[in-house]
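Just so you know, these numbers come straight off a predicted model, no measurement behind them. We're numbering straight along the sequence, starting at 1.
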Amino acid sequence: MGSCDSKELFVGLEIEKDPFFEKYLNKYDVIYLDITWFISTCREGKDIVDYLQEQVVGELQEFYPMEEKEETHGTQSAMTDFREYIHYGIS
């Protein structure tokens with residue numbers, strides 16, 4: 001996964017004025033969610049939250065392959081698992 005110069009994304013936003021903005025810009029992986037896209041592509045009858053979770057977790061698994069845990073339920077639990085994998089090598 002490559003880095004990008006995302007400074008332009010924050011032009012005009014309050015965060016741009018923060019004294020630490022430049023220091024931490026592009027230092028961490030960021031998840032960008034286009035909720036409008038999720039709503040427009042969600043299959044009829046499927047819960048949008050479930051669909052969003054499936055897509056986010058699926059994409060994270062592409063970039064951070066690790067053993068799937070049966071007890072991982074939902075995006076928050078998956079994010080904790082990925083964080084442990086990335087920072088501590090725990091899978």
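- Salt bridge absent: K7 and E16 never bring a charged side-chain N and a carboxylate O closer than 4.0 Å.
- Partners of E62 according to the salt bridge (charged side-chain N to carboxylate O under 4.0 Å, His left out) rule, which considers only residues two or more places apart in sequence or in another chain, do not exist here.
- Distance check, rounded to the nearest 0.5 Å: OG1 of T41 to OH of Y51 gives 3.5 Å.
- Residues meeting the side chain to side chain contact (heavy atoms under 4.5 Å, CB included) test with I39, sequence neighbours left out: I35, I48.
- One finds the CD atom of Q53 at 10.5 Å from the CZ atom of F38 (value rounded to the nearest 0.5 Å).
- Note that the CZ atom of F20 and the NZ atom of K23 stand 6.0 Å from one another [nearest 0.5 Å].
- Atom-to-atom distance recorded for K27:NZ and E22:CD is 10.0 Å, nearest 0.5 angstrom.
- A chain of hydrophobic side-chain contacts below 4.5 Å, direct or via other Ile, Leu, Val, Met, Phe, Trp or Tyr residues, connects L13 to L25.
- Note that CH2 of W37 and CG of L52 are 9.0 Å apart. Values are rounded to the nearest 0.5 Å.
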